[in-house]
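Lettering of chains follows the sequences in order, A, B, ..., and the numbering in each one begins at 1.
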Number of protein chains: 2
Amino acid sequence: MKLSEAKAQFISSWGAFGTHWGINRTMAQIHALLLISPDPITQDDIMEQLNISRGNVNMNTRDLVDWGLVDRVLIPGERKEFFSAEKDIWKVATQIIKERKKRELDPMLKLLGQLEKIDGDKKEKNVKQFVDTVSGIRKFGNQADKMLDVMIRADESWFLGSLLKFFK
Amino acid sequence: MKLSEAKAQFISSWGAFGTHWGINRTMAQIHALLLISPDPITQDDIMEQLNISRGNVNMNTRDLVDWGLVDRVLIPGERKEFFSAEKDIWKVATQIIKERKKRELDPMLKLLGQLEKIDGDKKEKNVKQFVDTVSGIRKFGNQADKMLDVMIRADESWFLGSLLKFFK
DNA sequence: TTGAATTTTCAAAATTTATTGAAAATATAT
DNA sequence: ATATATTTTCAATAAATTTTGAAAATTCAA
């Protein structure tokens, strides 16, 4: 298989993969392109390589920057703006975990905490099942939350870092 | 807060939450409804409570059964079919992990393995970056794969089970 | 300043995905 | 067997999401 063919396949499946994870196809494809680009590239490079419009590139690179997965790079003497992706896949993973935790898990846990405090007879089976379900999910979610915090901090702590290097 | 209000909120946010995880909104809402229902319920119950069409309920309950999250229940003397969800949230989580691993992670790892074997000079920086990226993701993915296998089997193995009970 | 290069915005269009509902298929009781 | 209840299918429709592209805003050099 030639590099060009492999690139196309990688970008396309990374894009499809992304859609299963709440990330839009194009954003994931741009990310894929940046991951395999040894040097920073411009909006125009992305437009050309993926055959998408300028507006589309602009919006999705902005999202990638917001997610902390891509950096804007200024190259001295160049007028255009360049983009470059974090290449360490462990850092990519922890960054995604960190963001999703903040955007999805934390708000959900907050809501569940409120829903547990409903009025009504805890002996009535509908009330009981509701409270049991909600508190079960909340407890599970809190454990997951703690576990993810450990993973996220692993890079910043020597001890946990060397422990989790195993998974790198 | 009253039960009816809390129910509505739980169903709606579980649905929104689901969309971030590659599951469609309605499927997640039906799942939420089943999670808080102490007894099995019918297609008609679901249609009525969520205000959605029969066809929609049918397709989404089928998907939930395929995902292994919901069971069809036959109640003696009843003509209609009833549905009931697994209530143990740990089992729900491992089931989801198991399915997503099979549907998404495993095929991706297979593809990455193929993409690594491209032709071309490994010293050329475009080739090098491609191979490095792909193999980095593959290695990370393989570790994740193993870790998830451990979690999935935790329920079936006494030793790992008691180890991971910690997270329950 | 002015003007050219570049980036950003956002309403309209295109595409993708989800939902409906009625007809067909299936299952069950008499 | 026949009638009735129930489930399933799927083409048509609706809704949600993504993409475009041209105009507006911004940046920067001279």
[X] and side-chain contact (heavy atoms from CB on, under 4.5 Å): which partner among [options]?
X: Ile30(B); options: Ile46(B), Ile11(B), Leu69(B); result: Ile46(B)
X: Gln114(A); options: Leu112(A), Ile118(A), Leu111(A); result: Leu111(A)
X: Met27(B); options: Thr19(B), Asp63(B), Val70(B); result: Asp63(B)

task: With sequence neighbours excluded, tell me which residues meet salt bridge (charged side-chain N to carboxylate O under 4.0 Å, His left out) with Glu99(A).
output: Lys102(A), Arg103(A)
message: Tell me every residue that passes salt bridge (charged side-chain N to carboxylate O under 4.0 Å, His left out) with Glu104(B), counting only those two or more places apart in sequence or in another chain.
response: Arg100(B)
- prompt: Ion pair present between Asp121(A) and Lys128(A), side-chain N to carboxylate O less than 4.0 angstrom?
  reply: no
Rounded off to whole Å, could you give me the [atom1]-to-[atom2] distance for the [X] and [N] pair?
X: Ile52(A); N: dT18(D); atom1: CD1; atom2: P; answer: 13 Å
X: Met59(A); N: dT17(D); atom1: CE; atom2: P; answer: 14 Å
X: Gln43(B); N: dG21(C); atom1: CD; atom2: C1'; answer: 13 Å
X: Asn60(B); N: dT17(C); atom1: CG; atom2: P; answer: 15 Å
X: Asp44(B); N: dT7(D); atom1: CG; atom2: C1'; answer: 10 Å
X: Asp45(A); N: dT6(C); atom1: CG; atom2: C1'; answer: 14 Å
X: His20(B); N: dA16(D); atom1: NE2; atom2: P; answer: 15 Å
X: Asp63(B); N: dA18(C); atom1: CG; atom2: P; answer: 10 Å

Of Ser53(A) and Asn56(B), the one whose closest DNA chain D nucleotide lies more 5': Asn56(B)
query: Is there a donor-acceptor contact under 3.5 Å linking the side chains of Ser53(B) and Asn56(B)?
result: no
- request: Between dT19(C), dT19(D), dT7(D), spot the one nearest the side chain of Asn58(B), thanks.
  value: dT7(D)
Minimum-distance nucleotide to Arg25(B) side chain [options: dT20(C), dT20(D), dT17(D)]: dT17(D)
task: Tell me what Asn24(B) touches on the nucleic acid: a base, only sugar-phosphate, or nothing, going by heavy atoms under 4.0 Å.
output: sugar-phosphate
Sugar-phosphate only, base, or nothing, as touched by Arg54(B) at under 4.0 Å among non-hydrogen atoms: base
Interface with DNA chain D, restricted to residues 79-86 of chain B and to heavy atoms under 4.0 Å: Arg79(B), Lys80(B), Glu81(B)
